[in-house]
Amino acid sequence: MTKTLPQILQAGVQRALTELYGVDGSSEEITLQTTRREFAGEYTVVTFPLTRLARKKPDEIAEDLGQYLKANLAEVADFNVIKGFLNLVISDAYWSDFLLTAAIQEDYGQSPARDETVVVEFSSPNTNKPLHLGHVRNILLGWSASQLLAKAGYNVKRVQIINDRGIAICKSMLAWQRYSDGATPESTGQKPDHFVGDYYVLFEQKFQEEYQQWQATEVAQQVLAQHAKAEQTPAEFFKGFSKKYFNDYSELGQAAKQMLLDWEAGETETVALWRKMNAWVYAGFEETYARLGVTFDKLYYESETYVLGKDMVELGLEKGAFLAREDGSIYADLTDAKLSEKTLMRADGTSIYITQDLGTARLRYDDFGAKRMIYVVADEQNHHFATLFELLKRLEEPYAAGLFHLSYGMVDLPTGRMKSREGTVVDADDLMNEVIHEATIASQERDATSELSTEEQKAIIRQIGMAALKFHIIKVGPQKRMTFDPKESVDMQGQTGPYVQNAYVRTRAVWRKAGELDLSAAADYRDLAPAERELINQLYAFPALVRDAAEALDPSVVAMYCYELAKSLHKFWHDHSILSAESPAAVAFRLQLCKAVGNTLSAGMNLLGIEVPERM
RNA sequence: GGCUGUGUAGCUCAACUGGAUAGAGCAUUUGACUACGAAUCAAAAGGUUUCAGGUUCGAAUCCUGACACGGUCACCA
């Protein structure tokens with residue numbers, strides 16, 4: 001392994017401190033950062049922290065260090081001092097050599113494989129309705145995170161747990177049973193997950209109707225009189241009462257709950273219906289996943305995992321990690337970990353939601369031997385995962401230290417929060433159709449691919465539309481709650497996916513035009529232009545950036561990087577000729593530069609799950 | 001109320017984890033296609049980083065306290 005520039009410079013400064021001032025500079029006191037764009041140079045030493053050691057003024061230290069580094073390090077060609085900041089200019093020879101030997105490699109940025117498996121769980125939908133915008137953010141994050149980890153050398157397993165049982169799917173089932181008249185996705189021509197989702201919506205409608213009628217009854221008025229607070233209007237009260245109504249009064253609620261019981265009892269007809277409707281949903285999901293370009297290594301089904309975990313609770317009890325109450329229920333006291341008491345098993349021996357998560361974690365460890373597992377789940381479940389991880393830690397599970405909740409903010413619309421009950425949910429399929437539609441219009445205006453077949457054109461347009469959508473979502477840091485404006489998501493100019501794609505397309509176009517050329521002269525090229533230095537410098541940052549992003553599980557930094565690199569390419573393109581450059585050396589060098597930039601843009605976008613077309 | 005996240009240009013987001021004059025895009029105004037692709041480039045304008053203290057050479061970033069908006073605090077999933 002050759003040393004990186006920061007390592008070389010750091011060591012150089014350390015030696016300089018010893019030789020010039022006779023002091024030992026520890027690496028913490030040497031702050032090295034990349035130089036801001038408005039100054040000459042690529043790396044900057046901040047000398048303020050060194051004043052105590054050297055007992056000199058910051059700018060004098062900077063001057064001393066600059067002289068020393070320029071004289072003693074081949075990599076440092078020049079320097080300038082502004083206040084206490086020492087800006088170092090790296091030599092053209094170093095950059096040129098780096099570009100032609102390292103950055104040009106096909107797999108540039110790929111870390112060597114390590115013998116460590118990471119499981120990434122994402123998407124994990126319910127099966128009662130189709131995927132929506134919230135899932136899209138989840139899926140993009142999960143996919144990118146897994147790509148990043150793979151690029152960083154990990155062996156990655158992508159999984160999801162499909163929430164295929166429970167009251168929600170029973171609602172869809174019941175509504176279908178009562179109101180469908182035997183309709184199927186085939187008979188109506190609908191996408192099958194949408195078909196099922198429509199019955200879920202229908203159930204809610206029918207339930208609301210029933211609820212409305214009930215509110216006029218005497219029973220309802222009695223309930224109102226007894227339970228409503230002083231300042232509540234009847235409408236307000238009934239709004240909050242709907243869950244209780246569902247459980248205690250509703251005929252539809254009773255029927256749905258009965259269906260759940262039948263399912264748990266393995267009643268044949270119910271199970272058959274459940275199978276049929278879930279099969280429809282899976283067919284629909286598969287299509288959506290395919291359009292999004294994601295795949296999974298293993299699917300877990302809640303219907304199979306929901307019974308797991310009980311043995312672990314028992315084990316925890318034996319170990320003394322968990323406690324039993326007088327009624328026989330089992331709980332964990334997590335108050336010393338700033339969490340609350342958490343019940344893990346009811347007195348009747350039935351389990352709680354979190355119990356199955358214990359079991360599923362163990363199941364995955366057994367399946368993959370992974371000591372790191374990442375759960376991509378929205379931040380509304382922060383507390384749940386904090387609890388889950390604490391429990392696994394107390395059970396002394398071997399993978400407990402490697403658990404991570406990749407928590408992300410939920411997606412709002414400009415009009416506010418998405419609410420399925422109010423019908424404001426943005427459907428994933430509709431969204432994709434919309435961006436592809438916009439890409440079609442934009443493409444027609446430009447007419448740059450008309451010599452290609454219709455098939456090829458459609459494929460490119462799909463890639464452009466999906467790039468716009470994905471980039472728009474993934475560029476926002478995960479932790480941040482984001483506002484999704486559909487109008488902005490179809491933008492194709494400025495800080496967007498298509499902008500990056502366009503930069504890539506340019507690097508390909510110039511190579512197509514170049515044909516067969518002798519590129520050996522590239523190494524003779526001297527006097528790099530600022531735009532060239534900028535590009536190479538950015539390329540240089542890529543591997544470390546990928547490693548950092550993988551460690552932080554933050555794809556948004558990769559998105560910003562791709563944008564910045566594309567921007568530099570566009571500027572370079574505008575300022576310099578490539579094929580008619582001033583010398584054969586310049587032509588060759590710039591072509592190689594284009595190749596390296598193109599490769600890196602492609603690799604970066606691939607990390608985000610975004611394809612780059614050859615033309616657009 | 002406890003815990004937790006967020007608050008930066010009109011809008012959507014950055015800021016290398018304490019460094020230089022807080023940066024991009026969109027929108028607005030203006031300029032550049034007879035060039036290897038204008039889905040591009042260049043320029044203007046836009047800020048008391050929610051507020052008040054503190055820590056130090058230096059704060060959007062760290063600490064304290066407010067304020068605003070989310071989330072969460074089940075023997076629900």
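If you're wondering where the values come from, they're calculated on a predicted model, not measured in any experiment. Throughout, protein chains are lettered first and strands after them, A, B, ... in sequence-line order, and every chain is numbered starting at 1.
Considering CD1 of Ile464(A) and CE of Met616(A), their distance stands at 4.0 Å, rounded to 0.5 Å.
Per the geometry, OH belonging to Tyr499(A) stands 14 Å off C1' belonging to rG37(B), to the nearest Å. Distance NZ (Lys257(A)) to P (rA77(B)): 13 Å, rounded to an integer number of Å. Atom CD of Gln479(A) is separated from atom P of rU4(B) by 13 Å (rounded to the nearest Å). If you take CD1 of Ile352(A) and P of rA74(B), they are 12 Å apart, rounded to a whole angstrom. rA39(B) atom P lies 13 Å from atom CD of Gln501(A), rounded to whole Å. One interatomic measurement links the two molecules: NZ of Lys487(A) to C1' of rU12(B), which rounds to 12 Å at whole-angstrom precision. As rounded to whole Å, 18 Å separates atom P of rG19(B) from atom CD1 of Ile82(A). The separation between Lys243(A) atom NZ and rA74(B) atom P is 13 Å, rounded to whole Å.
Listed for the Asn128(A) side chain is no donor-acceptor partner under 3.5 Å among the backbone atoms of Lys171(A). In this structure, Thr355(A) contributes its side chain and Lys310(A) its backbone to no donor-acceptor pair below 3.5 Å.
Using a 4.0 Å heavy-atom distance criterion, Glu302(A) is classed as a sugar-phosphate-only contact. Heavy atoms of Arg446(A) sit under 4.0 angstrom from at least one base atom. Contact annotation for Asp447(A): no contact, since no heavy-atom pair falls under 4.0 Å across all strands. Note on Met482(A): only backbone sugar-phosphate atoms sit closer than 4.0 angstrom, heavy atoms only; bases stay farther off. Here Arg512(A) lies out of heavy-atom contact (under 4.0 Å) with every strand. If you check every strand for non-hydrogen atoms under 4.0 Å, Ile464(A) touches a base. Within the nucleic acid shown, Val505(A) comes within 4.0 Å of at least one base atom, counting heavy atoms only.
Judged as a side-chain contact (heavy atoms from CB on, under 4.5 Å), and not counting sequence neighbours, the contacts of Pro543(A) are Tyr108(A), Arg547(A). Here Leu517(A) pairs with Ala514(A), Leu519(A), Val587(A), Leu591(A) under the side-chain contact (heavy atoms from CB on, under 4.5 Å) rule; sequence neighbours left out. For His576(A), the side-chain contact (heavy atoms from CB on, under 4.5 Å) partners at least two apart in sequence or on another chain are Ala529(A), Ala531(A), Phe572(A), Arg590(A). Residues satisfying the side-chain contact (heavy atoms from CB on, under 4.5 Å) criterion with Ala509(A), sequence neighbours excluded, are Arg512(A).
Taking the syn range as angles within 90° of 0, the glycosidic angle of rU17(B) is syn.
In this structure, a donor-acceptor pair under 3.5 Å is absent between the side chains of Gln254(A) and Tyr249(A).
OP1 or OP2 of rG7(B) sits under 4.0 Å from a side-chain N or O of Lys480(A).
Residue pairs meeting the salt bridge (charged side-chain N to carboxylate O under 4.0 Å, His left out) criterion with at least one partner in residues 468-496 of chain A, sequence neighbours excluded, are Asp412(A)-Arg481(A). Within the structure, side chain to side chain donor-acceptor pair (under 3.5 Å) contacts touching residues 52-65 of chain A (residues at least two apart or in different chains) are Tyr21(A)-Asp64(A), Lys56(A)-Asp64(A), Glu63(A)-Gln67(A). Listed by first and then second residue, the ring-ring contact (aromatic ring centres under 6.0 Å, His included) pairs involving residues 476-499 of chain A are His472(A)-Phe484(A), Tyr499(A)-Tyr563(A), Tyr499(A)-His570(A) (not counting sequence neighbours).
For a distance-only test at 3.5 Å, the side chain of Asp485(A) fails to qualify as a donor-acceptor partner of the base of rC11(B). Taking 3.5 Å as the limit, the base of rC73(B) and the side chain of Ser340(A) contain no donor-acceptor pair of atoms between them. A donor-acceptor contact under 3.5 Å is formed by the side chain of Thr44(A) with the base of rA20(B).
rC41(B) and rA60(B) have their C1' atoms separated by 31 Å, given to the nearest Å.
When all heavy atoms of Arg533(A) and Val89(A) are compared, the closest pair comes out as NH2-CG1, 3.3 Å. Among all heavy-atom pairs drawn from Pro58(A) and Gly84(A), the shortest one is CB-CA, 3.8 Å.
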> Just by protein heavy atoms under 4.0 Å, how would nucleotides 67-72 of chain B read 5' to 3' in B, S and -?
Replying inline: ---SSS

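Ion pairing between Glu456(A) and Arg615(A) fails under the 4.0 Å rule for side-chain N and carboxylate O.
Of the residues in residues 568-579 of chain A, those lying under 4.0 Å from RNA chain B by heavy-atom distance are His570(A), Lys571(A), Trp573(A), His574(A), His576(A), Ser577(A), Ile578(A), Leu579(A).
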> Given Watson-Crick or G-U pairs with both distances under 3.5 Å, what dot-bracket string fits RNA chain B, with | for other-strand pairs and [ ] for crossing?
Replying inline: (((((((..((((.....[...)))).(((((.......))))).....(((((..]....))))))))))))....

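Side-chain rings of Tyr375(A) and Phe389(A) approach one another, their centers coming within less than 6.0 Å. Close placement of the Trp263(A) and Tyr306(A) rings is indicated, their centers lying within 6.0 Å of each other.
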Atom pairs under 3.5 Å: protein N/O with N/O of nucleotides 22-26 of chain B:
from    : atom 1 : to        : atom 2 : distance (Å)
rG23(B) : OP1    : Arg36(A)  : NH2    : 3.3
rA24(B) : O3'    : Lys567(A) : NZ     : 3.3
rA24(B) : O2'    : Gln495(A) : NE2    : 3.3
rA24(B) : O2'    : Tyr563(A) : OH     : 3.0
rG25(B) : O2'    : Gln495(A) : N      : 3.2

For nucleotides 56-61 of chain B, print each protein N/O atom paired with a nucleotide N/O atom at under 3.5 Å, atom names and distance only.
none

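Of the two residues near RNA chain B, Ile460(A) and Thr35(A), the one whose nearest nucleotide lies more 5' is Thr35(A).
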